[in-house]
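Heavy-atom basis, side chains included; hydrogens, waters and symmetry copies ignored.
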Amino acid sequence: MGFEKFGAVNFTSETKASDFVKFLEEGKVMTTKCTRCGKVYFPPRIDCCACGASEIEWIEIDEPGELVAYSTVMYGPTGFENDVPYTIAAVRFPKGIQVFGRISKKIPTDKIKVGMKLKVVPIKLDSDRVSYQFVQP
Amino acid sequence: MGFEKFGAVNFTSETKASDFVKFLEEGKVMTTKCTRCGKVYFPPRIDCCACGASEIEWIEIDEPGELVAYSTVMYGPTGFENDVPYTIAAVRFPKGIQVFGRISKKIPTDKIKVGMKLKVVPIKLDSDRVSYQFVQP
Amino acid sequence: MKTDVAIVGVGQSPFYRKCGMAERELCFIAFQEAIKDINLRPEQIDASIVCSAPEYDKQRSPAAVIADYLGIIPAPSFNLETLCCSSSAGLRQAYSLIKSGLHQVVAVIGFQKMSELTSREAAERMVRGGDVQWESPFGLTMPAYFAMVASAHMAQYGTTPEQLAQVRVKSCIYGEINDKAVYRKRISVEDVLNSEMVTSPLKKFDCCANADGAAVIILASGEIARRVTDKPVWILGLGASTRSAALAGRLSFTNIPVAREASQAAYEMAGIGPEDIDVAEVHDCFTIAEIVAYEDCGFAKPGEGTRLIEEKQTYVGGRIPVNVDGGLLSKGHPIGATGASQIRTITRQLRGECGKTQVEGAKFGLIHNVGGPGLYCYVTILGRD
Amino acid sequence: MKTDVAIVGVGQSPFYRKCGMAERELCFIAFQEAIKDINLRPEQIDASIVCSAPEYDKQRSPAAVIADYLGIIPAPSFNLETLCCSSSAGLRQAYSLIKSGLHQVVAVIGFQKMSELTSREAAERMVRGGDVQWESPFGLTMPAYFAMVASAHMAQYGTTPEQLAQVRVKSCIYGEINDKAVYRKRISVEDVLNSEMVTSPLKKFDCCANADGAAVIILASGEIARRVTDKPVWILGLGASTRSAALAGRLSFTNIPVAREASQAAYEMAGIGPEDIDVAEVHDCFTIAEIVAYEDCGFAKPGEGTRLIEEKQTYVGGRIPVNVDGGLLSKGHPIGATGASQIRTITRQLRGECGKTQVEGAKFGLIHNVGGPGLYCYVTILGRD
Ligand SMILES: [Zn+2]
Ligand SMILES: [Zn+2]
């Protein structure tokens with residue numbers, strides 16, 4: 001429970017990784033690291049497929065990363081029709097963490113370039129919902 | 001087109017066999033026979049898998065048949081909640097035709113027996129919809 | 001053994017009314033149990049088959065998501081569906097992938113999380129497991145399909161509601177001691193007969209319940225199997241059959257035609273007969289389904305399945321113990337996971353790991369798993385060295 | 001040929017914007033074409049695999065309904081799904097069913113009827129082909145996934161919108177003369193560049209359209225193949241790979257990692273290389289996808305795919321003709337039918353039946369078929385005697 005508050009439209013409410021949403025509410029974008037073998041994951045997960053353990057610690061993604069790929073969506077799917085245009089992106093952070101999300105609408109589209117530095121921060125959406133987005137460091 | 005008027009709740013609107021509904025509206029329960037190889041089908045279909053032809057004629061199911069199996073449903077699925085109880089049944093007719101449908105609510109449940117004679121007749125439902133049901137001959 | 005494909009690992013999550021986790025997390029539990037006792041790393045699994053009935057969940061195309069979560073990518077994976085027997089069908093495909101030489105170690109992952117839907121929504125999905133064009137408009141439900149079989153069996157053979165109830169009583173005796181089952185209480189024949197009518201002649205306790213759960217089977221070529229486990233369980237027979245979704249095409253209502261065809265094919269491939277089977281799991285989605293399964297699998301003649309349960313021949317210690325893990329009736333029925341859970345039980349029986357419910361000396365076991373109201377049946381025969 | 005499984009029959013319905021018939025009727029058209037030229041009765045088909053992406057239609061569990069309509073029951077059947085490459089995955093399973101000895105003649109039936117949904121509803125389904133937990137909440141669309149690849153390819157290699165447009169121009173030249181294609185008009189580079197932006201940098205004409213359609217492939221063991229057809233087409237290579245649905249796990253955005261892995265596996269199994277391929281079908285769901293496919297299949301080095309299209313090397317008469325049936329861009333993309341349609345085209349090329357688009361003397365052909373935004377890829381290599 002708790003995960004249903006993630007994102008503008010949510011398709012799934014139950015996951016053992018729902019603390020992710022609690023941390024967003026506290027102002028932090030966190031992910032998980034296996035305490036047995038040290039493997040770092042994004043998206044966060046409670047179960048480590050590298051060593052089979054289910055003991056993790058949460059670590060913050062607070063360093064800047066680099067934009068790998070992006071697109072500005074002009075035609076949104078059901079539930080997102082009134083949200084366009086928005087820019088989705090993949091950003092690579094240190095420790096092998098790669099995050100998929102949206103770039104802040106405050107960054108003009110013509111300033112977005114592959115290779116630019118971005119950091120990831122929580123945002124509050126309507127009706128108590130939360131998510132994260134990429135902003136300039 | 002036309003098939004969307006079949007049944008109390010309909011899940012599919014397009015089929016080459018939609019004349020079935022037109023015949024119901026005309027008061028007849030019809031099915032198909034391959035004009036090339038003579039195979040008789042129920043449910044009706046325009047394509048013959050026995051010989052590969054797609055030329056059929058419509059024949060009427062007007063003789064009485066025999067009840068093979070039935071159940072009185074007390075708990076209806078979505079869309080049928082207010083329709084219960086109703087009795088579904090399989091009835092075997094001559095020429096190898098077996099029809100699945102509902103037994104008329106006019107036949108008391110305790111009079112329904114495997115082996116009893118039934119015939120199949122069209123019925124009109126709410127808002128111009130049509131179907132068929134089993135009644136006593 | 002005249003085959004060279006073996007089951008080397010089996011696992012199952014508990015079956016839950018509501019699991020409260022994501023599907024991928026549910027599968028992880030079953031997968032960890034399946035690999036924990038064997039000398040195999042996840043990356044040695046060179047293909048996987050993810051078995052589930054879509055539409056119970058929001059995730060389209062679960063295969064990639066789940067294979068990734070289990071750490072078994074980039075090996076090929078796909079989703080396979082034959083409704084309630086999806087993971088038995090998965091086992092047959094996994095066998096062919098190994099036997100053909102394309103792969104050496106294959107994981108069959110069955111799961112279903114049914115708790116996201118209300119039970120009426122689930123019933124709506126179920127009705128669309130029949131023919132949406134010709135049957136669903138009548139408000140057919142899955143229990144009603146099997147109730148029709150009960151009506152025909154009662155009319156032809158004099159089968160009684162009490163005999164059906166005895167199936168549930170047996171189920172509950174074994175379900176009570178299965179710590180992965182959803183339903184863990186004993187009940188009496190009277191409890192069943194006094195329960196609410198769902199769809200005549202089937203009452204509430206004649207029916208299994210929806211559940212959330214996952215089960216995993218790992219198969220390997222004979223050579224690898226002997227290296228990674230001391231107790232390989234060999235795949236001897238794989239029978240399968242498909243019939244029309246429309247009841248109008250149904251040849252018989254006193255049995256499940258696909259089940260008879262699939263079991264004959266499985267016996268033929270295995271070169272053994274029903275009399276050789278020491279322990280079986282059959283698809284008891286409803287009490288009547290177990291009676292009819294006795295007949296379709298050849299454990300009883302047509303019409304005589306009720307005698308087996310009356311004489312307690314399908315209890316542990318009887319002639320042919322059936323569903324001594326509680327069956328679907330007590331374990332619950334998470335569609336895609338059900339077949340793999342049945343296969344897990346028989347594998348553990350053949351390995352001698354079943355404690356209080358162990359069938360002594362069991363050498364050959366059979367799994368009978370039906371999809372929908374008799375659209376598909378997969379019958380699997382397993383044996384040990 | 002070092003294999004003993006052959007394609008003996010191929011068929012395809014026209015691809016439609018709206019077919020106006022039931023799915024089973026759509027499949028019947030393709031099936032009749034597949035069996036009409038061969039000396040085989042439907043009842044000799046001893047298994048079938050029904051390939052589609054669920055949720056585009058109301059019928060749950062389409063395998064039984066469709067197998068029944070085609071007259072190929074009670075042979076075993078099941079539904080298989082790997083999104084857009086479902087029927088290529090089906091071909092690989094059919095091969096293993098025959099090669100393993102379980103079956104002798106298997107039908108792979110791919111279909112999708114997408115017209116029952118509005119295009120926004122279809123886009124909603126598509127977004128759930130990614131990871132519903134971590135991606136769908138951002139409003140991702142299938143074009144956007146491939147647009148991200150385009151952005152990375154442009155940044156790294158200087159690929160231009162004009163070069164992408166050239167892919168569509170080629171597609172339309174061949175689509176115009178394919179009487180089963182949905183889109184049958186020639187267009188210019190300017191038409192593409194002037195079309196509406198869908199998701200930067202992809203414009204409307206960079207994208208393929210939803211469609212209704214079915215395609216069927218019939219496979220047989222070598223012995224039967226030689227008996228029923230004069231022109232068996234042999235299955236030489238079958239490569240497959242699966243990767244995380246979450247883009248967060250994506251290793252590279254300038255290519256499709258699963259495609260590179262699957263093509264390498266297919267070449268290895270076939271014992272030939274990209275230089276041996278005479279004609280290919282690649283998964284051009286978007287123009288960028290075709291460029292990247294040239295590279296992932298080894299027809300061009302990374303970053304040099306654009307040169308192939310600029311030099312018209314992928315036209316008939318060029319070094320490696322690609323999608324000379326119009327591809328997904330002109331034919332349309334009925335998810336489950338797409339792979340089987342590609343396989344049909346290559347089979348007909350190897351049989352020398354392609355008229356104006358025939359690649360003279362074609363001996364080896366390749367099919368590259370991607371599922372979703374790179375979750376799955378199946379690469380198939382075919383050859384003639
Ligand atoms: Zn670990
Ligand atoms: Zn005919």
Side-chain angles (χ1 to χ4, degrees), chain B residues 3-15 17-18 20 31 41-45 67-93 96-103 109-110 112-116 125 129-133, chain C residues 117-158 195-204 206-207 244-255 286 288 373-374:
Chain B
F3 201 77
E4 69 282 359
K5 291 159 83 176
F6 178 60
V9 176
N10 187 283
F11 300 92
T12 176
S13 62
E14 295 178 326
T15 168
S18 62
F20 180 74
T31 195
Y41 289 96
F42 190 92
R45 43 146 83 198
L67 179 61
V68 181
Y70 71 97
S71 177
T72 303
V73 177
M74 308 303 287
Y75 184 86
T78 311
F80 297 90
E81 297 89 339
N82 302 322
D83 214 8
V84 291
Y86 51 84
T87 302
I88 57 163
V91 177
R92 203 162 284 162
F93 293 94
I97 295 172
Q98 189 165 283
V99 178
F100 170 79
R102 283 195 194 172
I103 294 179
T109 308
D110 61 357
I112 298 172
K113 299 271 180 280
V114 168
M116 75 190 290
L125 307 173
R129 307 185 66 80
V130 289
S131 187
Y132 58 78
Q133 65 177 356
Chain C
L117 303 180
T118 66
S119 70
R120 272 181 202 274
E121 282 172 338
E124 189 268 348
R125 300 297 192 283
M126 281 199 193
V127 73
R128 292 195 286 106
D131 186 329
V132 293
Q133 190 169 332
W134 298 105
E135 294 177 339
S136 303
F138 292 98
L140 204 46
T141 63
M142 201 55 65
Y145 278 110
F146 282 90
M148 291 173 75
V149 172
S151 77
H153 206 272
M154 287 174 167
Q156 180 153 356
Y157 303 118
S195 67
E196 188 189 356
M197 186 70 83
V198 172
T199 184
S200 71
L202 299 182
K203 305 196 175 72
K204 184 182 165 195
D206 285 305
C207 308
S244 169
L247 289 177
R250 183 79 157 248
L251 308 171
S252 164
F253 281 90
T254 53
N255 73 338
F286 302 96
I288 181 65

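- Nearest heavy atom pair, residue B:P43 against residue C:A248, reads CD-CB, 3.9 Å.
- Only the side chain of B:Y86 comes within less than 4.5 Å of a heavy atom of chain C; its backbone N, CA, C and O stay farther away.
- For a residue to count as touching a neighbouring chain, one of its non-hydrogen atoms must lie under 4.5 Å from one of that chain's; by this rule C:S136 touches chain B with backbone and side chain alike.
- The shortest heavy-atom contact between B:V68 and C:F253 is CG1-CD1, 3.5 Å.
- A distance of 4.0 Å separates CZ of B:F3 from CH2 of C:W134, quoted to the nearest 0.5 Å.
- With respect to chain C, the highest number of heavy-atom pairs below 4.5 Å among B:G76, B:G7, B:G96, B:P77 belongs to B:P77.
- With a 4.5 Å cut-off on non-hydrogen atoms, B:P44 touches chain C through its backbone and its side chain both.
- For C:A246, the part lying near chain B is the side chain, with the backbone staying farther off; criterion is any non-hydrogen pair under 4.5 Å.
- Distance CE/B:M74 to NZ/C:K204: 15.0 Å, rounded to 0.5 Å.
- Proximity to chain C (any heavy atom under 4.5 Å) is shown, for B:V73, by both the backbone and the side chain.
- Top candidate by heavy-atom pairs under 4.5 Å with chain B, chosen from C:P201, C:A144, C:S244, C:G249, is C:A144.
- Counting heavy-atom pairs under 4.5 Å between each of C:A150, C:G139, C:A155 and chain B puts C:G139 at the top.
- Here the CG atom belonging to C:D131 is positioned 11.5 Å from the CZ atom belonging to B:F11, to the nearest 0.5 angstrom.
- For a residue to count as touching a neighbouring chain, one of its non-hydrogen atoms must lie under 4.5 Å from one of that chain's; by this rule B:Q133 does not touch chain C.
- The OH atom of B:Y70 sits 11.0 Å away from the OG1 atom of C:T199 when rounded to the nearest 0.5 Å.
- Heavy atoms of B:T109 lying under 4.5 Å from chain C are absent altogether.
- Centroid-to-centroid, the aromatic rings of C:F138 and B:Y132 come within less than 6.0 Å.
- In this structure, C:E135 contributes its side chain and B:F100 its backbone to no donor-acceptor pair below 3.5 Å.
- Checking side-chain atoms of B:T12 against main-chain N and O of C:Q133 turns up no donor-acceptor pair under 3.5 Å.
- Between the C:S200 side chain and the B:S71 main chain, no donor and acceptor come within less than 3.5 Å of each other.
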